[in-house]
Amino acid sequence: MGVKERLHRTWACGYRTGARTQYSATGFAGPIRRFFNWLYRPEEHWHEGHADAEEKALTPSHYAVHVKPLFERSLYDGTARLANWVSYWVYRLAHFEQTRYAAMIFNLMLLVLFSYRIFAHQFSWATFALESVVMIISIKVLIIGERR
């Protein structure tokens with residue numbers, strides 16, 4: 001149709017563009033990402049470049065954002081942490097001396113009996129405080145023992 005075509009550098013917010021430059025949707029997705037930041041909690045990694053005195057050049061800066069999958073973080077991580085915590089205490093219980101193991105079972109039985117009384121009968125703060133003191137003293141005397 002005879003329309004003249006004019007080739008010119010694209011507008012890039014004052015940055016120089018080249019063959020390796022690419023546009024992204026970061027400018028448009030930024031507000032959405034900031035709005036949902038509370039939900040997926042991204043891990044931002046920033047390595048700032050610096051000027052070398054000898055070579056008189058700038059080292060490149062690196063910025064990366066990693067988002068862990070939402071269900072993995074919310075369902076799996078908490079369950080794995082709980083399993084590790086329980087296994088740690090089971091390991092410690094299995095490696096107690098025999099007297100401490102028996103004392104641990106005795107204190108567990110006390111806890112079950114005291115809990116049954118609290119839930120099955122009428123609750124009283126005085127007996128709750130007394131039973132708590134008895135439990136703490138029995139744990140201190142039978143399980144923890146003296147410091148050496």
Side-chain angles (χ1 to χ4, degrees), residues 9-148:
R9 297 186 80 112
T10 58
W11 177 75
C13 295
Y15 294 107
R16 292 180 141 201
T17 59
R20 292 180 14 189
T21 307
Q22 69 182 36
Y23 289 102
S24 69
T26 306
F28 299 105
I32 296 171
R33 185 177 60 111
R34 283 192 300 274
F35 180 77
F36 287 107
N37 199 21
W38 61 272
L39 179 63
Y40 62 86
R41 295 187 200 111
E43 297 174 5
E44 297 182 2
H45 304 284
W46 168 257
H47 173 71
E48 188 172 350
H50 60 278
D52 288 337
E54 298 170 3
E55 298 181 23
K56 295 181 182 175
L58 291 174
T59 58
S61 299
H62 299 284
Y63 176 77
V65 177
H66 300 287
V67 178
K68 201 171 189 181
L70 180 66
F71 291 108
E72 179 181 329
R73 189 180 66 237
S74 62
L75 299 176
Y76 174 73
D77 285 350
T79 307
R81 241 182 280 124
L82 178 66
N84 284 336
W85 184 80
V86 168
S87 67
Y88 169 74
W89 285 104
V90 168
Y91 170 80
R92 289 213 35 204
L93 181 64
H95 288 84
F96 272 146
E97 300 127 23
Q98 288 181 350
T99 56
R100 287 190 178 182
Y101 190 70
M104 185 71 86
I105 292 173
F106 174 73
N107 280 324
L108 206 58
M109 288 174 55
L110 274 180
L111 180 70
V112 168
L113 290 172
F114 290 161
S115 300
Y116 172 75
R117 194 207 53 76
I118 288 173
F119 290 114
H121 301 288
Q122 189 175 2
F123 179 77
S124 168
W125 281 105
T127 55
F128 178 73
L130 177 66
E131 291 167 357
S132 299
V133 168
V134 168
M135 285 295 297
I136 290 171
I137 290 173
S138 67
I139 289 173
K140 169 66 175 120
V141 170
L142 296 175
I143 296 174
I144 298 173
E146 296 179 17
R147 289 192 172 210
R148 295 180 187 173

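All figures in this text were calculated on a predicted structure; none of them were measured in a lab.
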Given side chains that start at C-beta, do those of Thr127 and Arg117 come closer than 4.5 Å, heavy atoms only? yes

Nearest 0.5 Å, what's the CE-CZ distance between Met109 and Phe106? 7.5 Å

Parallel, tilted or perpendicular: ring planes of His62 versus His47, cut at 30 and 60 degrees: parallel

CG on Leu108 to CG on Leu113, rounded to 0.5 Å: 10.0 Å

Shortest non-hydrogen separation from Met135 to Asn107 and the atoms involved: CE-O, 3.5 Å

To the nearest 0.5 Å, atom CG of Leu39 lies from atom CZ of Phe36 at 7.5 Å

Measuring from atom CZ of Phe114 to atom CG of Leu130, what distance do you get when rounded to the nearest 0.5 angstrom? 7.5 Å

According to side chain to side chain contact (heavy atoms under 4.5 Å, CB included), who are the partners of Glu44, at least two apart in sequence or on a separate chain? Arg33, Tyr63, Val65

Is the gap between the ring centers of Tyr88 and Trp85 under 6.0 Å? no

Does Trp46 have more than 12 heavy atoms from other residues, nucleotides or ligands lying within 6.0 Å of its CH2? yes

